[in-house]
Amino acid sequence: MPRTTTRPTADRPLAALPWEELVTSALLGTDRRPPVAPGGRVPADGPVALLDAVALHTVRRRAGLLPAVPAARPEPTPHDPRPQLPEAARHRLAQLLADRAAPTASGRRGAAPDLTELIPQWLATANRQGFRAPAALVPPLLDAARARTDLRPQALAFAGPLGLWLAALNPEWKFALRGSAGGSLVPDTSDPEAVRRLWEEGLFAERIALLDAVRAREPGAALALLTTTWPTERAEDRLMFLDSLRTGLGAGDEEFLEQALADRSRNVRATAAELLSALPSSAFAGRMAARATSCVNPDRTGAGSGAGASIAVEAPHECDAGMQRDGVAAVPPTGRGERSWWLVQLVEATPLGVWQEQFGGRPAEEIVALPVADDWAGELHAAWCRAAVRQRHPEWARALLGAASAPPAGSPGPASIAERSKLLAILSEAERADWVAEFIAAHGLSEAFQLLGVCTVPWAGPLGRAVVDALDIARDGGSYPWSFSGVMGLAERCLDPAEADRLEVLTATPDEQEDASPGAGGYWSEAFQRLVSTLRLRAAMEAELT
C-alpha cells in the first residue's frame, strides 16, 4: 500500500485566504476566478492548490468547533396509573392505526371491513375499561387525532399524560395542548390559587377548558370566576364563556344573565335571552309569557264545536324597546314577515307549561292538535318545537313528533327531518329507538339517515331489525345499493354485533331481476358480507378489551 505524504503549509500558497474567497473560486471556476495568494501570487496549478487550501480549512474548522450548550432536559412524563392493554388489544390497535395510514384504492369497497371507521369505537371501549395507551403507539395515535378532529377527545383521553408530554415536544401535535375535551392541561380545580392564576394568565382555550371543568364541579364557583373579568373580556370571548353556563344552568345564574341582556354584543344578548328562557321561573320567562299569551289564546268567540276548541293568533304589531331589550330581534331575515318573526321569538321563549294553563289544563298532545286560525299553525308549531328543544321538554317533544307512522305532512309538528331529530334527542334512548324503528317500517330508509344519527349505539333490537329489514326490501326490489351506502355504513358501526349470524343469509348473491340495476346483486352481496364481517370484528374487539 503506497504511503501518503503531506506537503508542508509553505507549499500551499492559498492557505491564508478566507473561506468565502475559496468558495467563490470553486463556484465560478479557477479559470474565470483564479485564486490569488497574498502578495499577488497565482499558483501554477490553480485547481489543485484550491483543493489543498479547502482541505486545510476544513480541518481547521472542525478542530475549532466549540461544544454546543446543552439544552435543559425535559421533565420525565407524569406517571400514568392505568393498567396496560391486553396483548391482543394492543395488536388490534396497531392494526387499526396502520390501516389508517395505508393508501386506499378507489372504486368498490369490497367485502372487507373498513378498519379506519372502527377506531372511534375501539377508543371509546378502551377508555371505558380504563386502559392506558402503549407508549410506542401514542405517536401514531396523535397523528390520527391530528388528521381527524372527531377522534381527538377519545384519543387524547386514551393517550393520557404521555400524549400531552409528547405534544409539548412536537409542534405538529400542538392541538393536544389547546384545552380540548379529554386532553386539556387543566389544573386541579380544588386548588383556588391554581384556578385563579390560570384564569387570569392562561390562553383563551385553557380558560374555556378551565371554566367548563369548574362549572361541571361547582356551577356557582364558575359563575363567580367569570364575573371577575367579564367587563374586560372581548365580545367573542364573552359569547364563548356564556355558552359554558349551559352546564348546570339554574336559578343562581339569573341575575348575571339579566345583566347580560344589556351587553354591547347582539350575539351575547341573544344567548343570554336563550339561557333565561330555559329557566321557567325566571323574570325573563314571565315577561315573555305575558307577551306571548296576549298573542296566542283559545278562540272564545264561540265558533267551532265549543269555546276554546281552536287557537286564535294575533301577532305583535310592533317590536318595542322592552322586547328588544329581552333579545327579540326587530329586523326579520330576508323574505320573512315582521309580525310572524316577532311572534315566533316570543313563543319559543315562553315556558311550555304556560300553554297548558292557557288552554284549561289540556295536555300538550291535545293542544298541538287544535286547529289554528288564519294559517298560523306552521309558525306556531315551529316555535313550540324550538321551545321544546330549548327547554328539554319530553312531553311536548312527544306531542309535536306525533305518530311515527303518520305522513310527515299530517303530523302536528315539523315535517323537517332535522327538526324531528332535535325533538327525538330529548326522549329516552328506548323511546327514541322505538319511534325511529316505527318510522322506518312505515316510510323506509330514504329519510331516516339523520334520525338514526340520534339513536344510541349499539342500536336496540327492534331498531336494528327495522334497518336490516328495510335494506333487505330495497335489495329485493332491485334498488341501487349505493343509494343506501350511508345507512349501510351506519349499520356497520351501530348494529349490535350479536346480529351477525342472523344476517349471514343476506350475504348470498340474489338472482338478477329484469328491472334491477345491472350488477346490483353483486354489490348488495358485498355490502352484506362487509356488514357481517364488520360486526364480527367489532365483537372480537370488545372481547379483547373486556
Side-chain angles (χ1 to χ4, degrees), residues 246 249-251 273-282 284-299 308-313 315 327-328 340 342-373 376-436 438-439 450-451 454-456:
R246 296 181 190 277
L249 183 66
E274 180 186 345
L275 293 173
L276 281 167
S277 69
L279 298 174
S281 60
S282 66
F284 169 89
R287 296 193 298 271
M288 299 302 273
R291 296 174 180 127
T293 53
S294 69
C295 299
V296 179
N297 292 281
D299 186 351
S310 63
I311 301 176
V313 176
V328 177
S340 67
W342 300 332
L343 174 71
V344 297
Q345 291 181 83
L346 297 179
V347 173
E348 68 188 40
T350 297
L352 289 164
V354 167
W355 301 113
Q356 291 173 268
E357 298 175 6
Q358 184 81 343
F359 286 87
R362 280 187 171 96
E365 186 176 5
E366 288 186 19
I367 295 174
V368 300
L370 292 174
V372 183
W376 282 103
E379 299 281 10
L380 183 59
H381 289 168
W384 277 339
C385 285
R386 286 190 285 274
V389 172
R390 186 181 294 183
Q391 297 171 37
R392 312 294 298 173
H393 202 300
E395 180 187 354
W396 277 82
R398 199 175 295 117
L400 290 161
L401 280 168
S405 58
S411 298
S416 161
I417 294 296
E419 292 294 327
R420 288 183 162 208
S421 299
K422 294 176 183 177
L423 291 172
L424 274 172
I426 301 170
L427 304 182
S428 68
E429 295 177 1
E431 190 174 0
R432 211 181 306 166
D434 289 343
W435 196 95
V436 177
E438 186 179 346
F439 181 92
Q450 201 164 358
L451 300 177
V454 300
C455 294
T456 306

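In this chain, numbering begins with 1 at the start of the sequence shown.
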Find the distance between [atom1] ([X]) and [atom2] ([Y]) and round it off to the nearest 0.5 Å.
X    : Y    : atom1 : atom2 : value
M288 : R291 : CE    : CZ    : 6.0 Å
S421 : L451 : OG    : CG    : 4.5 Å
L427 : E395 : CG    : CD    : 11.5 Å
R386 : E419 : CZ    : CD    : 6.5 Å
Q345 : W342 : CD    : CH2   : 10.0 Å
L346 : S294 : CG    : OG    : 7.5 Å

Strictly distance-based, threshold 3.5 Å: is any side-chain N or O of S282 a donor or acceptor partner for the main-chain N or O of L276?
yes
Could you tell me whether the side chain of H381 and the main chain of V368 form a donor-acceptor pair under 3.5 Å?
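The answer is yes, because a donor-acceptor pair under 3.5 Å joins these two groups.
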Quick one: closest heavy-atom pair of [X] and [Y], and the distance?
X    : Y    : value
F284 : A349 : CE2-CB, 4.2 Å
L343 : A315 : CB-CB, 4.3 Å
A309 : P371 : O-CD, 3.4 Å
A251 : L279 : N-CD2, 4.3 Å
A285 : P351 : CB-CG, 3.6 Å

Taking the side chain as every heavy atom from C-beta outward, state whether [X] and [Y] have any atom pair closer than 4.5 Å.
X    : Y    : answer
E379 : V313 : no
Q356 : W396 : yes
T350 : W355 : yes
W376 : V296 : no

By side-chain hydrogen bond (donor to acceptor under 3.5 Å, both in side chains) - contacts of R390 (at least two apart)
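For R390 the side-chain hydrogen bond (donor to acceptor under 3.5 Å, both in side chains) partners, ignoring immediate neighbours, are S277, E348.
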So, R246 and E274, do they make that salt bridge, N to O below 4.0 Å?
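Salt bridge flag = yes for E274 with R246.
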Take the angle between the ring planes of W435 and F439 and call it parallel below 30°, perpendicular above 60°, tilted in between.
parallel
Scan L423, L424, I426 and name whichever one has a side-chain contact (heavy atoms from CB on, under 4.5 Å) with R432.
L424
